[in-house]
Amino acid sequence: MSATQATLVPRITLNNGALIPQLGFGVFQVPNVETEAAVSAALEAGYRSIDTAAIYGNEEGVGRALAASGIARDELFITSKLWNSDQGTATTAAAFELSLEKLGLEALDLYLIHWPAPATDLYLESWEALEGIAASGRSRAIGVSNFLPTQLERIIALGGTVPAVNQVELHPALQQAETVAFNRAHGIATEAWSPLAQGAMLSNPVIARLAEEIGRTPAQVILRWHLQQGRIVIPKSVTPARIAENLAVFDFELPAAALAEVDALDVAAGAGRVGPHPAEFNG
Ligand SMILES: NC(=O)C1=CN([C@@H]2O[C@H](COP(=O)(O)OP(=O)(O)OC[C@H]3O[C@@H](n4cnc5c(N)ncnc54)[C@H](OP(=O)(O)O)[C@@H]3O)[C@@H](O)[C@H]2O)C=CC1
Ligand SMILES: O=C(O)C(=O)[C@@H](O)[C@H](O)C(=O)CO
């Protein structure tokens, strides 16, 4: 079952050639002691990509699940993130080592700067530290999270590595057209965090009606909408039935009319946001 489901998840080719599963498993707000069980359930269901972060405090739980799974390392795609207070040259290197140690891994697949944190304005030197990590082979790819186009422009202007991924809040109520277009124009893959708006979009009447018409669940309708636009998604659940449900989205497609109905749910002026705004959030 799990191996079969895993093979159904398409891989997206990042700008350095690394392959990332288009659908992964997020663990924000999962307590460390509960994380091993949640990640084990996800791996058993067929997920092979796990998204964690130092600030989540659950890298050890993720690591325990990975070790217990017996799944070959090269079948897994593990992402972690540099927290805001660790930005800077030496601190980035130390934070990365600690994440690796907690995860029990020799290398990550993707390491992200978690937020631009404009108040300290350290993300350019942090980016150069990530480039060093990538050059050492200890992260197959590097990227950013919550970066606005103006902030990405400054990274690109350094003339070095273009981020492979920009992980941003993205769901039907916050579609981030400008950031998505910028990412696409620069070969940066867009990864949607809170793809279900932390559950808030599941009771939306349009989503509920489409789910009824198609014979799928609201979460599956939203995840298909993301996938059919080529985005990477990382839904989170600690509920085994939902973990399986969220992965069972590769045997149907939304018709164009349904995609357009979901597109129309975007809320003007970014007012559908459920998380912090990157221009203001410093952690
Ligand atoms: N880079 C960044 O700044 C951020 C990154 N992230 C990443 O993105 C991941 C996903 O985002 P997250 O904020 O967790 O929110 P999601 O949009 O994934 O929603 C998670 C919520 O939806 C519920 N849920 C999940 N699946 C279903 C389902 N099929 N039916 C009904 N309810 C469901 C979960 O409940 P339950 O668990 O109880 O089943 C949980 O309450 C995070 O876990 C994290 O890895 C998130 C925020 C910021
Ligand atoms: O979950 C994450 O990855 C985040 O960075 C945010 O959710 C953030 O930590 C937050 O919730 C601040 O209120």
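Atoms within a ligand are numbered from 1 in the order they appear, just like the ligands themselves. As the structure is a prediction and not an experimental result, all values here were calculated from the model. For the numbers below, each heavy atom of this structure counts, side chains included, while hydrogens, waters and symmetry mates do not.
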Let me know which of Ile78, Leu76, Val62 forms a side-chain contact (heavy atoms from CB on, under 4.5 Å) with Leu105.
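Passing option: Ile78.
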For [atom], tell me which residue out of [options] has the closest non-hydrogen atom.
atom: atom 7 (C) of ligand 1; options: Val144, Ile234, Val274; value: Ile234
atom: atom 19 (O) of ligand 1; options: Gln198, Glu169, Arg242; value: Gln198
atom: atom 13 (O) of ligand 2; options: Ser145, Pro276, Ala54; value: Pro276

If we count only N and O atoms by modelled type, under 3.5 Å, do the side chains of [X] and [Y] hold a donor and an acceptor together?
X: Ser194; Y: Glu169; result: no
X: Thr190; Y: Asn183; result: yes
X: Thr89; Y: Glu128; result: no
X: Arg138; Y: Tyr111; result: no
X: Thr52; Y: Asn58; result: yes
X: Trp115; Y: Asn282; result: no

Using 30° and 60° as the class limits, which term best fits the ring planes of Phe28 and Tyr56: parallel, tilted or perpendicular?
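Correct class here is tilted.
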Please could you name the atoms of ligand 1 that [X] approaches to less than 4.0 Å, counting only its heavy atoms?
X: His114; result: 1 (N), 2 (C), 3 (O)
X: Pro235; result: 18 (O)
X: Trp115; result: 3 (O)
X: Val27; result: 43 (O), 45 (O)
X: Thr239; result: 36 (P), 38 (O), 39 (O)
X: Gln167; result: 1 (N), 2 (C), 4 (C), 5 (C)

Could you give me the CA-CA distance, side-chain angles and deciding distance for Asn204 and Ile222, then say whether side chain to side chain contact (heavy atoms under 4.5 Å, CB included) is met?
CA-CA 11 Å; Asn204 176 279; Ile222 295 174; over 6 Å; no
Of the backbone atoms (N, CA, C, O) and the side-chain heavy atoms from C-beta on, which set of [X] has a member under 4.0 Å from an atom of ligand 1: side chain, backbone, both, or neither?
X: Ser194; answer: both
X: Thr52; answer: neither
X: Pro195; answer: both
X: Leu112; answer: neither

For ligand 1, is Tyr56 a contact, meaning one of its heavy atoms is under 4.0 Å away?
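Distance cut 4.0 Å: Tyr56 passes for ligand 1.
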Ala197 near ligand 1, heavy-atom distance under 4.0 Å?
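Contact present.
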How close does the nearest protein non-hydrogen atom get to [atom], and which residue and atom is it?
atom: atom 26 (N) of ligand 1; value: Asn246 ND2, 3.0 Å
atom: atom 24 (N) of ligand 1; value: Lys236 O, 4.0 Å
atom: atom 46 (C) of ligand 1; value: Trp193 CE3, 3.6 Å
atom: atom 45 (O) of ligand 1; value: Asp51 OD2, 2.7 Å
atom: atom 42 (C) of ligand 1; value: Phe28 CB, 3.4 Å
atom: atom 9 (O) of ligand 2; value: Trp83 CH2, 3.9 Å
atom: atom 3 (O) of ligand 1; value: Asn146 ND2, 2.9 Å
atom: atom 4 (C) of ligand 2; value: His114 NE2, 3.5 Å

Just heavy atoms, cut-off under 4.0 Å: does Tyr56 contact ligand 2 by side chain, backbone, both, or neither?
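Side chain only.
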Mode of Gln29 contact toward ligand 2 - side chain, backbone, both, neither (heavy atoms, under 4.0 Å):
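It is neither part, as no heavy atom is under 4.0 Å.
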Between [X] and [Y] (salt bridge meaning N to carboxylate O under 4.0 Å), is one present in this structure?
X: Arg209; Y: Glu213; result: yes
X: Asp109; Y: Arg73; result: yes
X: Arg216; Y: Asp251; result: yes

Measuring centre to centre across the rings, with the benzene-like ring taken for any Trp, is His186 within less than 6.0 Å of Phe182?
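Yes - the distance between ring centres of His186 and Phe182 falls below the 6.0 Å cut-off.
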Intermediate values then yes/no, side chain to side chain contact (heavy atoms under 4.5 Å, CB included), Leu196 and His171:
CA-CA 6 Å; Leu196 307 173; His171 44 73; over 6 Å; no
[X] heavy atoms, cut-off 4.0 Å: which ligand 2 atoms fall inside?
X: Phe281; value: 12 (C)
X: Phe28; value: 1 (O), 7 (O), 11 (O)
X: Trp115; value: 4 (C), 5 (O)

How close do Trp127 and Gly143 get, heavy atom to heavy atom, and via which atoms?
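Residues Trp127 and Gly143, closest heavy atoms: CZ3-O, 3.4 Å.
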With respect to Ala219, determine whether any N or O atom, backbone or side chain, lies less than 3.5 Å from an N or O atom of ligand 1.
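No; the residue has no nitrogen or oxygen that sits under 3.5 Å from a nitrogen or oxygen of the ligand.
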Considering both backbone and side-chain atoms of Leu196, is one of its nitrogen or oxygen atoms within less than 3.5 Å of a nitrogen or oxygen in ligand 1?
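Between Leu196 and ligand 1, an N or O pair is found under 3.5 Å apart.
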Using side-chain heavy atoms (C-beta onward) and a distance below 4.5 Å, is Tyr47 in contact with Asn246?
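Yes, their side chains come closer than 4.5 Å.
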Pair Asp51-Lys236, salt bridge (charged side-chain N to carboxylate O under 4.0 Å, His left out): steps then yes or no
CA-CA 9 Å; Asp51 180 86; Lys236 168 264 179 185; over 6 Å; no
